[in-house]
J.: 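One structure, pasted below without further comment.
Worth saying up front: this structure is predicted, and the values here are computed from it rather than measured. Positions are given from 1, in the same order as the sequence printed here.
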Amino acid sequence: HQIHFMPGLRYFSKMKDCDVFVFLDDVQYVKREFQNRNKIRTVDGWQYLTLPVITKGRFYQKINEVEINNTVDWKTEHLKAIKINYSKAKYFNDYFSKIEDIYSKDYSKMIDLSMGLIHFFRKHFDIKNKFVFSSELDIKTTSNQRLLEICLKLGADVYLSGIGAKYYLDESLFKLHKIEIVWQNFEIKPYPQVYKGFVENMSALDLLMNCGPESVKWL
């Protein structure tokens, strides 16, 4: 899976359910998706937390090459938004200082902050399985062939894939190499949120702030 910023519940559910999770860090960065932003709950519904990144003239840059635009005071903006919207959440006091600590470090690359946050969530969701970065595997192919070669290089006999890949994944290619494709079957179940009603598809931060140590029940 591409590295996401403050990923959502499907992301961590997939991570929890596999033996080895592969972070696709050397694939092309795509603007206006979830590689540099995600949603948090607000009294009016939701808002994006967006990490400003430098993209002008860098259309073909890879995720691990993307630089943060540090001329923008995004740290203050993010922490203020989190504090305003989650200060009344049940577990706010347990985790906000930890988020502040992650944000207190200096970052030039998007990947470094994103992975710092992912490791934070992995710890508190008790996810301990192995992970690797695709850049470590020295694979030059693209698309379906790239995914297949990652599986072969790691000795996989099952590939757990998000349901969205049904539109482009060549299942016959995997079948030829005796690799079973299992489609992720994850439905978001309502959990307590700080505001009335339930809004799904938030960052995992929303689940953690509201449900704390019990969050894993919803993954």
Side-chain angles (χ1 to χ4, degrees), residues 1-38 50-55 57-68 102 105 107-123 125-186 203-204 219:
H1 206 295
Q2 296 93 340
I3 297 171
H4 280 186
F5 176 74
M6 282 203 185
L9 305 192
R10 285 185 179 84
Y11 196 97
F12 288 106
S13 179
K14 181 193 283 189
M15 189 182 295
K16 177 180 68 70
D17 288 343
C18 64
D19 297 308
V20 182
F21 188 87
V22 181
F23 290 106
L24 297 174
D25 64 321
D26 58 350
V27 297
Q28 185 176 345
Y29 168 76
V30 180
K31 294 194 292 184
R32 291 182 290 277
E33 290 197 3
F34 289 96
Q35 292 162 21
N36 74 313
R37 65 180 184 178
N38 227 303
T50 301
L51 184 64
V53 296
I54 301 171
T55 58
R58 304 182 182 187
F59 182 77
Y60 295 105
Q61 66 181 331
K62 298 173 182 176
I63 288 175
N64 58 16
E65 296 172 337
V66 176
E67 295 181 18
I68 299 173
I102 294 171
K105 298 175 173 59
Y107 300 97
S108 60
K109 295 284 185 70
M110 178 181 71
I111 186 175
D112 296 325
L113 173 60
S114 295
M115 288 307 304
L117 290 165
I118 286 171
H119 288 315
F120 163 77
F121 287 118
R122 278 174 57 91
K123 176 182 177 181
F125 292 154
D126 197 32
I127 298 174
K128 299 176 181 178
N129 53 4
K130 182 181 177 182
F131 65 88
V132 298
F133 294 97
S134 57
S135 59
E136 299 171 339
L137 302 177
D138 192 31
I139 293 173
K140 307 301 182 186
T141 51
T142 59
S143 190
N144 283 268
Q145 189 64 36
R146 181 183 189 82
L147 297 176
L148 173 65
E149 289 191 33
I150 289 173
C151 289
L152 292 173
K153 203 146 198 176
L154 294 174
D157 52 14
V158 175
Y159 173 46
L160 176 61
S161 175
I163 199 74
K166 276 197 171 185
Y167 295 103
Y168 63 82
L169 200 65
D170 183 355
E171 296 185 55
S172 64
L173 188 63
F174 287 77
K175 188 175 182 180
L176 184 65
H177 291 271
K178 295 182 173 55
I179 297 174
E180 178 187 2
I181 295 176
V182 172
W183 300 106
Q184 184 185 24
N185 182 24
F186 178 74
S203 161
L219 298 178

J.: Is a donor on one side and an acceptor on the other found under 3.5 Å between the side chain of Asp25 and the backbone of Asn64?
T.: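 No, because the side chain of Asp25 does not come within donor-acceptor range (under 3.5 Å) of the backbone of Asn64.
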J.: For the aromatic rings, using the six-membered ring if either is Trp, is the centroid distance between Phe12 and His4 under 6.0 Å?
T.: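 Between His4 and Phe12, which both carry aromatic rings, the centre distance is not below 6.0 Å.
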J.: When rounded to the nearest 0.5 angstrom, what is the spacing between CZ in Phe174 and CG in Leu147?
T.: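 Between atom CZ of Phe174 and atom CG of Leu147 there are 5.0 Å.
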J.: Is the distance from the ring center of His1 to that of Phe23 below 6.0 Å?
T.: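 Ring centroids of His1 and Phe23 are no less than 6.0 Å from each other.
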J.: Not counting sequence neighbours, which residues clear side chain to side chain donor-acceptor pair (under 3.5 Å) with Ser172? List them please.
T.: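 Per chain and number, Ser172 pairs via side chain to side chain donor-acceptor pair (under 3.5 Å) with Asp170.
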J.: Any side-chain heavy atom of Ile163 sitting closer than 4.5 Å to one from Gln184?
T.: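 They are not in contact (no side-chain heavy atoms under 4.5 Å apart), so the answer is no.
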J.: Taking side chain to side chain contact (heavy atoms under 4.5 Å, CB included) as the test, write out the residues that go with Lys178, two or more places apart.
T.: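 By the side chain to side chain contact (heavy atoms under 4.5 Å, CB included) rule, Lys178 matches no residue at all.
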J.: Between Phe59 and Lys31, is the side chain to side chain contact (heavy atoms under 4.5 Å, CB included) condition met? List the steps.
T.: CA-CA 9 Å; Phe59 182 77; Lys31 294 194 292 184; 5.8 Å; no
J.: Is Met15 close to Phe125 at the side-chain level, that is, under 4.5 Å between some pair of heavy atoms?
T.: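 No, side chains not in contact.
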J.: Is the closest side-chain heavy-atom distance between Cys18 and Asn129 below 4.5 Å?
T.: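 Contact flag for Cys18/Asn129 side chains = yes.
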J.: Ile150 and Val22: which non-hydrogen atoms are nearest, and at how many Å?
T.: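 Closest approach of Ile150 to Val22, heavy atoms only: CG2-CG2, 3.8 Å.
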J.: Quick one: pull up CG in Leu219 and CD1 in Ile127 and give me the separation to the nearest 0.5 Å.
T.: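 The CD1 atom of Ile127 is 6.0 Å from CG of Leu219, to the nearest 0.5 Å.
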J.: One thing to verify: whether Glu67 and Arg58 come together as a salt bridge, which I'm taking to mean a side-chain N less than 4.0 angstrom from a carboxylate O.
T.: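 The answer is yes: the pair qualifies as a salt bridge.
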J.: Please check this pair: side chain of Lys130 against backbone of Phe21, looking for a donor-acceptor N/O pair closer than 3.5 Å.
T.: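 Not at all, since once roles are kept as given, no pair shorter than 3.5 Å links the two residues.
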J.: Within a strict 4.5 Å, meaning less than it, do heavy atoms of the Pro7 and Ile118 side chains meet?
T.: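 Pro7 reaches Ile118 side chain to side chain.
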J.: Counting N and O atoms only, with roles assigned by atom type, does the side chain of Ser114 sit under 3.5 Å from a partner on the main chain of Met110, one being a donor and the other an acceptor?
T.: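 Side chain of Ser114 to backbone of Met110: a pair is present.
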J.: Would you give the length of the straight line joining atom CG of Leu160 to atom CD of Glu180, rounded to the nearest 0.5 angstrom?
T.: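 Reported to 0.5 Å precision, the distance equals 10.5 Å.
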J.: About how many Å separate CG of Leu113 and CD1 of Ile68, when rounded to the nearest 0.5 Å?
T.: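 Atom-to-atom, Ile68:CD1 and Leu113:CG are 5.5 Å apart.
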J.: State which residue, out of Ile63, Asp26, Val27, fulfils the side-chain contact (heavy atoms from CB on, under 4.5 Å) condition with Ser135.
T.: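 For Ser135, the side-chain contact (heavy atoms from CB on, under 4.5 Å) test succeeds with only one of Ile63, Asp26, Val27, which is Asp26.
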J.: Nearest 0.5 angstrom please: Ile102 CD1 to Met115 CE, how far?
T.: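 Rounded to the nearest 0.5 Å, the CD1-CE separation comes to 11.5 Å.
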J.: Using only atom types and a distance under 3.5 Å, with no angle test, would you say the side chain of Arg146 pairs donor to acceptor with the backbone of Lys140?
T.: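 Checked: no pair found.
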J.: For Lys62, does the NZ atom have more than 12 heavy-atom neighbours from other residues, nucleotides or ligands under 6.0 Å away?
T.: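 Not buried by this count: 12 neighbours or fewer within 6.0 Å.
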J.: Given side chains that start at C-beta, do those of Leu152 and Ile179 come closer than 4.5 Å, heavy atoms only?
T.: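 Side chain of Leu152 against side chain of Ile179, heavy atoms only: contact under 4.5 Å found.
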J.: Using side-chain heavy atoms (C-beta onward) and a distance below 4.5 Å, is Met6 in contact with Arg37?
T.: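 No, every pair of side-chain atoms sits at 4.5 Å or beyond.
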J.: Can Ile111 and Ile3 be said to form a side chain to side chain contact (heavy atoms under 4.5 Å, CB included), step by step?
T.: CA-CA 7 Å; Ile111 186 175; Ile3 297 171; 3.7 Å; yes
J.: For the residue pair Tyr11 and Phe186, is the inter-centroid distance of their aromatic rings smaller than 6.0 Å?
T.: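 Distance test on ring centres: not under 6.0 Å, no.
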J.: Test Tyr29 against Asn36 for side-chain hydrogen bond (donor to acceptor under 3.5 Å, both in side chains), laying out the working first.
T.: CA-CA 9 Å; Tyr29 168 76; Asn36 74 313; 3.3 Å; yes
J.: Between Ser161 and Ile181, what is the shortest heavy-atom contact and its length?
T.: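 Scanning both residues, the minimum pair turns out to be CB-CG2, 4.5 Å.
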J.: Who are the side chain to side chain donor-acceptor pair (under 3.5 Å) partners of Glu149, not counting sequence neighbours?
T.: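 With sequence neighbours excluded, Glu149 shows a side chain to side chain donor-acceptor pair (under 3.5 Å) to Thr141, Gln145, given in chain and number order.
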J.: What's the shortest heavy-atom distance between Ala204 and Phe121, and which atoms?
T.: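 In this case the closest contact between Ala204 and Phe121 is C-CE2, 3.8 Å.
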J.: What's the verdict on side chain to side chain contact (heavy atoms under 4.5 Å, CB included) for Val66 and Ile54, showing C-alpha distance, side-chain angles and the deciding distance?
T.: CA-CA 7 Å; Val66 176; Ile54 301 171; over 6 Å; no
J.: Measure the shortest side-chain to side-chain distance between Val182 and Tyr159 over non-hydrogen atoms and say whether it is less than 4.5 angstrom.
T.: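 Side-chain contact under 4.5 Å: no.
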J.: Would you indicate whether the side-chain heavy atoms of Gln28 and Gln61 approach each other to under 4.5 Å?
T.: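 No - every pair of side-chain heavy atoms lies 4.5 Å or more apart.
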J.: Looking at Gln2 and Val30, would you say the former's side chain and the latter's main chain have a donor-acceptor pair under 3.5 Å?
T.: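 No: the side chain of Gln2 does not pair with the backbone of Val30.
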J.: Mark yes or no for whether Gln35, through its side chain, and Phe5, through its backbone, hold a donor-acceptor pair below 3.5 Å.
T.: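 Side chain of Gln35 to backbone of Phe5: no pair is present.
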J.: Checking side chain to side chain contact (heavy atoms under 4.5 Å, CB included) for the pair Glu65/Tyr60: CA distance, chi angles, key distance, verdict?
T.: CA-CA 10 Å; Glu65 296 172 337; Tyr60 295 105; over 6 Å; no
